[in-house]
Structures are given as structure tokens and as C-alpha cells.
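Taking it in order: structure first as C-alpha cells, then the write-up.
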Number of protein chains: 2
Amino acid sequence: MLSLHQLRCFLATYEHGSLTAAADELGYAQPSVSEQVRALETSLGVQLFRRVGRGVVPTTVADTLRPHAEKVLAAVEEAREAVQSVKAFETGTIRFGMFGVARLYAGAGLIADVLGRYPGVRVELVGQNSTEVAEDLRRGRLEAAMLAVSGVESEGITITPVAREELVYISADPTRLTSPVTARRLAEASLVMPETTWRAEDSTRILLRQMLHETGRNPQTRIEVEDVETAVELVGLGLADSVIPRGAAEQLIPRLAPGAGWVSLRPRQWDTFAIVHRTGAVLSPAARLMIELATARIQEIAEPLARS
Amino acid sequence: MLSLHQLRCFLATYEHGSLTAAADELGYAQPSVSEQVRALETSLGVQLFRRVGRGVVPTTVADTLRPHAEKVLAAVEEAREAVQSVKAFETGTIRFGMFGVARLYAGAGLIADVLGRYPGVRVELVGQNSTEVAEDLRRGRLEAAMLAVSGVESEGITITPVAREELVYISADPTRLTSPVTARRLAEASLVMPETTWRAEDSTRILLRQMLHETGRNPQTRIEVEDVETAVELVGLGLADSVIPRGAAEQLIPRLAPGAGWVSLRPRQWDTFAIVHRTGAVLSPAARLMIELATARIQEIAEPLARS
DNA sequence: GGAAAGCATAGGACGATCCTAGGGTTCCTG
DNA sequence: CAGGAACCCTAGGATCGTCCTATGCTTTCC
């Protein structure tokens with residue numbers, strides 16, 4: 001079996017024209033190098049050196065092998081260096097989950113933070129829909145993610161809240177925004193709801209369900225959409241109202257629904273932003289970095305929560 | 001210590017997303033592959049796979065390492081192949097066809113060239129008679145040969161002329177060498193002819209036939225022999241005259257027929273030396289080497305022809 | 001809730017690696 | 001030309017690495 005060790009011994013021998021000198025360079029005893037070279041010769045079925053009393057002389061096969069052996073060892077070095085540089089965040093890909101409105105709070109800015117610190121790195125923010133992120137986490141394809149959650153419990157998943165953000169009622173009809181929206185009024189509203197949080201434990205929906213339950217009505221969600229932007233646009237068109245985090249409203253309404261506005265709920269409700277990862281997993285430095293930066297970003301905008 | 005074996009285990013695991021499947025592919029038990037991968041991770045100081053209950057998931061570091069690992073293994077394969085292709089020269093037998101007078105021009109010297117470059121090699125110069133060489137070529141037992149030819153056409157055989165050599169009339173009778181020999185005189189001569197060239201298209205004989213035809217006579221070849229040496233010896237004994245390439249005459253007459261001499265024909269005639277091989281065949285490095293060396297030898301003595 | 005799939009660990013057999021000690025050959029030198 | 005230096009080889013033993021089987025644990029699927 002051809003080995004890197006054999007190639008190293010071969011090259012040292014080739015360069016020095018001597019097994020003894022090669023052994024010195026490599027820090028081995030001479031018979032060891034001799035054995036390695038012989039093993040290489042046997043494994044290739046070719047003589048690499050002619051033993052001529054004093055010293056050894058490379059054959060033409062050795063001449064042929066040499067550049068290839070050097071290339072192999074160079075490739076090994078490259079591999080090692082590539083890994084080390086990734087380890088030190090100089091290059092490579094950092095993958096991080098970020099779902100729903102969290103993206104509005106820390107998307108582009110977070111990437112800018114990472115690239116500012118590690119210019120060579122490639123960042124991947126995954127999260128088209130919450131079930132996909134959940135699956136990726138569960139399967140281990142994703143180390144960690146930043147999400148908006150309601151509860152703090154899940155099987156095999158650890159959820160660490162880092163910030164909270166008030167939920168507001170948004171509408172294009174100014175008459176609906178004159179006072180905080182109560183459960184009764186919410187139950188009567190025609191709503192468009194984006195899928196912004198963690199799985200079925202969507203805090204906004206739980207809230208709505210609770211409110212509606214109090215009023216004895218069924219859920220009245222008129223439209224379901226994937227992303228917040230679409231929901232806000234629909235609100236801007238006057239087709240429905242919605243309930244989203246305040247920061248999202250402040251950011252999106254001027255851009256996508258200039259005619260709309262927002263108002264608090266009564267009682268006030270909050271979405272929780274949290275770091276989510278597999279329970280018991282040892283997080284990589286990359287993941288820890290992303291968590292740190294994402295948390296900092298979120299806490300600049302939303303109200304910080306003490307991390308446990 | 002990073003090893004090729006570890007890289008192989010890593011790649012198999014990466015591709016299958018499973019240590020068990022990788023072990024199956026490599027023909028090892030699962031714990032062995034597991035051990036190798038872990039050793040690689042330890043030696044690099046990074047985690048390459050996240051163990052996630054069922055199966056393993058590559059980390060971003062693994063993504064980075066993979067192309068490098070592939071490159072290393074590819075380089076190893078290249079090295080092995082390079083050695084194997086040279087090995088044929090080192091230890092194997094090089095067979096090369098060389099018929100008739102060509103042997104005089106490039107026989108021993110050619111073998112010396114080859115052995116000088118590849119001391120371990122065994123060289124076989126085949127070619128006792130032309131039909132045998134023809135058969136060997138046609139059957140593929142011989143990759144290529146150096147021959148004296150007349151034409152440049154043959155079924156399934158590619159003929160590449162490399163040099164030409166004047167044909168001279170040799171005799172032990174000085175009175176026959178006072179002036180160039182014409183067709184008439186040739187027709188009157190008593191000749192001993194060796195079989196020196198390619199099959200029936202023996203250039204010397206074709207020439208003779210043409211000359212004799214002009215004079216209205218039948219072929220007058222008195223003696224047929226296999227090799228030039230015998231023919232020259234017979235000439236030396238005064239039993240007949242002959243027509244052979246000038247280089248053969250210069251080389252053989254002093255040794256085998258000291259009393260004899262030579263003179264040009266009128267008009268002058270030439271034998272052509274050519275490389276012969278199966279049309280469309282891919283020549284081995286060994287064959288290419290022989291062709292190169294044989295051509296160089298021949299062209300040192302005979303008049304070079306541009307190779308097409 | 002049990003079966004299946006898949007990784008980790010443990011312990012032992014076997015082979016590879018590396019060392020020291022000593023023998024042989026070539027080449028230089030007095 | 002004899003002795004020594006340089007250099008390679010062989011031999012034998014200690015140690016380490018590799019690979020196996022057996023088994024336990026977790027996750028996943030039915």
C-alpha cells in the first residue's frame with residue numbers, strides 16, 4: 001500500500017542521494033528509511049534506486065516519480081492549509097439559519113458584520129420556510145438558527161431567547177388605528193398572516209387563537225402568505241389587516257404600504273427572538289460567531305432579554 | 001499523522017453520508033472507518049462530520065476539505081500511472097522488428113542506446129525473414145518495425161520513410177567496377193541476392209526486374225540467400241556479384257570480402273528505410289522510443305528523408 | 001413500542017514501523 | 001595495500017497502528 005510516508009522518504013532520499021542523509025533529515029534511523037523506500041519499490045513493482053556500494057543512485061523511474069511525489073505532498077499541504085484557514089475563519093462557508101422576520105432585523109447587517117471581520121468567508125443564511133429550518137436543525141444540517149418563537153420548549157432542541165419585540169396591528173384604514181386593538185376587534189378583523197415564526201408554535205397565531213377563543217369565535221385568518229413583505233403589501237392594498245412585530249412594521253410599511261399605519265394590541269403581546277440549536281450539541285466556532293453577531297444585531301433593535 | 005487512508009475514508013463517508021456505507025464501499029468494518037475519520041479530525045483539529053443519530057452530516061470544513069482530498073488522491077493515482085508507464089521500459093521487454101540491411105545500420109548501436117537509457121530492459125530485435133516480420137506486424141505481435149522498403153503503400157500498414165540509401169554494385173572483379181553499372185551490364189551479371197527488404201516489393205529486385213525487362217532478358221539471379229553477410233561473402237569468393245545499399249557495402253566488404261569493391265548504378269537507385277506499423281494503432285511508449293532511436297541511428301548513416 | 005439502522009466503545013489479533021546492533025562493500029587515504 | 005570511513009543491508013525486538021468482532025446506545029420507522 002502506497003503511503004505518504006513512503007513518498008516523503010523517497011523524496012528525501014532522492015534529494016540527498018543517500019538513505020543515511022535522508023534519515024537524518026527526517027529524524028529516523030537509516031534502516032527505517034531504507035525499509036520505507038523498499039516498501040515503495042515493492043508496492044510499485046519497480047526499482048527506484050540502484051544501490052551502488054556508497055550511496056544510492058536514482059533510476060529513471062525515480063526521475064519520473066519525483067515530480068508526482070512532490071505534487072502529492074504539495075496537495076496534502078494545501079489541504080491541510082485550507083482546513084486550517086477555515087478553522088480560523090479566513091475562508092470557507094458559514095451556514096446559519098434565520099427564519100421569518102428575524103431576517104428583517106439582522107439579515108444584511110449580520111452578513112456585513114461577518115464579512116467585515118472575515119473578508120474571505122462565504123456566508124449562507126438559510127431559511128425559506130420554518131419547517132425546512134426545523135428539519136435542517138433536527139437532521140443536523142444546520143448547527144443553529146435565529147428564529148422568532150413563542151414557547152421555549154421543543155424535543156431535542158434548545159431555545160435560548162435573546163430579545164422580544166412588541167406585536168402591532170397594522171392596517172391601511174386609519175379608523176382602525178385610533179386605539180389599541182382588543183381581542184374582540186382582532187376577532188372581527190379580516191387578517192393576512194405570514195409564516196414568520198417557529199413551526200406551529202407561532203406566537204402571533206397562538207395569541208390570536210387565545211383571543212378568538214375568548215370571544216368564542218373560530219380563527220378568521222383570511223389570507224396565508226409565506227413572507228412578511230407580501231403580507232404588508234396586501235395590508236397596503238387594503239385587502240386585509242395583519243399583526244406583525246413592531247420593528248418589521250416600522251421597516252416595511254413606509255416602503256411597501258405607505259398608506260398604512262400601526263397600533264398596539266391590548267393587552268400588549270410580544271414575539272420572542274431566540275437562538276435555536278440541537279440540545280447537547282457542541283457548537284462550532286463559526287456557529288458561535290454567528291450567534292453572537294446575530295444577537296447583537298437583534299438586540300440593537302428589539303428589547304434585549306437576559307440570556308440564560 | 002495525516003494519511004491517504006484517512007482521506008479515502010473521509011471521501012467515502014462524505015459521499016455516502018454514512019460511515020457504514022463508506023465501510024461497505026471500502027471493504028472494511030464500520031468501526032475501522034469511524035476510527036480513521038476520527039483520527040483525521042484529531043490530526044486536523046476540526047470536526048468534519050456532525051454525528052446526528054442516524055448517519056453523519058458533513059460540516060463546512062468537510063466541504064472545504066473534500067476537493068483537496070480528491071486532488072491528493074488524484075495526484076497519487078497519476079504518480080502510480082506515471083511509474084507504471086515507465087516501468088514497461090525498465091523491466092519489460094522491448095520488441096522491435098528490424099529486417100534485412102536495416103539491422104546493419106542500427107542493430108547493435110540501437111540496442112546500446114536503449115540499454116544506456118534503460119539498463120534493466122530486455123531488448124528483442126526480431127526479423128529473420130521478411131514474411132515473418134510481415135506476419136508479426138499484421139497479427140499485432142509486433143508494434144512497429146524498421147525496414148528497407150520500395151513502395152510506400154500496403155494494406156492496413158502505414159509506412160513512414162525516414163532515410164534513403166544508394167544501391168551499389170559490388171564485385172570481387174575490379175574490371176567490373178571501373179564505371180557505373182548500367183541496366184545492360186546488370187542483366188549480364190551473375191548475381192547473388194539477399195532478401196533485404198519488405199516482402200515482394202523488394203526495391204532492389206524491382207529495380208533489377210525493370211532493368212532486365214528493358215534488355216529483354218529473364219531474371220538472372222544466380223544465388224538466393226537470406227542475409228546480406230552471406231551474399232557479401234559469396235561476392236568476396238568471386239562466385240557472384242550483388243547489389244546492396246552503400247552503407248552495407250562499406251561496412252561488410254572490408255570485413256567479409258576484402259578483395260571486393262563497389263560502384264554506383266546508372267541511373268542511380270535508392271533503397272528507402274522506413275518505419276512500419278499497423279495503420280491506426282496507438283504506439284506504446286516503448287515502441288515510440290525504439291522508433292526514435294532507430295531513426296536517429298539510421299539517419300546518422302543514410303540520407304535523412306523528411307518524415308511526413 | 002418494537003425492529004431496524006447507524007455510530008461509539010472495548011478488547012484482542014495482526015501487521016507495520018522504528019529502533020539498536022552488527023555485517024558487508026566500496027572508496028579514500030596514508 | 002591495509003585501514004578506516006561512508007554507506008547500505010539484515011536481524012531481532014519493542015511499540016504503535018490498523019482492523020476485526022461483539023456490544024451498547026440513540027434515532028428512526030412501522
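Just so we're on the same page: letters track the sequence lines, and every chain starts at 1.
- For the pair B:Glu41 CD and C:dC7 C1', the interatomic distance rounds to 12 Å; values are reported in whole Å.
- One can place CG of B:Leu48 at 15 Å from P of C:dC7, the figure rounded to the nearest angstrom.
- Aromatic ring centres of A:Phe10 and A:His5: separated by at least 6.0 Å.
- For A:Arg164, the side-chain hydrogen bond (donor to acceptor under 3.5 Å, both in side chains) partners at least two apart in sequence or on another chain are A:Glu303.
- Residue contacts shown for A:Ser34 are limited to sugar-phosphate atoms, with no base heavy atom under 4.0 Å away.
- Atom C1' of nucleotide C:dA8 and atom CZ of B:Arg50 are separated by 18 Å, given to the nearest angstrom.
- Whole-Å rounding puts the A:Leu19 CG to C:dT17 C1' distance at 16 Å.
- Taking atom CZ on A:Arg8 and atom P on C:dT17, their separation rounds to 12 Å, with Å as the unit.
- Whole-Å rounding puts the B:Tyr28 OH to C:dC7 P distance at 18 Å.
- Put simply, B:Ser18 has no side-chain N or O that comes within less than 4.0 Å of OP1 or OP2 on C:dA5.
- Taking side-chain N and O atoms only, B:His5 has a distance below 4.0 Å to OP1 or OP2 of D:dC19.
- Ionic pairing of B:Glu77 and B:Arg80 is present here: one or more N-O contacts between side-chain nitrogen and carboxylate oxygen are shorter than 4.0 angstrom.
- Of the two residues near DNA chain C, B:Thr20 and B:Glu35, the one whose nearest nucleotide lies more 5' is B:Thr20.
- Judged by distance alone, with hydrogens and angles left aside, A:Gln30 brings no side-chain donor or acceptor close enough to the base of D:dC8 to form a pair under 3.5 Å.
- Taking for each of B:Ser32 and A:Pro31 the nucleotide of DNA chain D with the nearest heavy atom, the 5'-most of the two is the partner of A:Pro31.
- A:Gln36 comes within contact range of the sugar-phosphate backbone alone, with a heavy-atom separation under 4.0 Å but no base atom that close.
- Between A:Leu40 atom CG and C:dT17 atom P there is a gap of 11 Å when expressed in whole angstrom units.
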Could you walk me through whether A:Phe273 and A:Gln299 pass side-chain contact (heavy atoms from CB on, under 4.5 Å), step by step?
CA-CA 9 Å; A:Phe273 293 102; A:Gln299 293 184 340; over 6 Å; no
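- Annotation for A:Glu165 and A:Pro245: closest pair CG-CB, 3.6 Å, computed over non-hydrogen atoms.
- A close approach under 4.0 Å does occur between a side-chain nitrogen or oxygen of A:Arg38 and OP1 or OP2 of D:dT10.
- Put simply, CD on B:Gln6 is 10 Å from P on D:dC19, counting in whole angstrom units.
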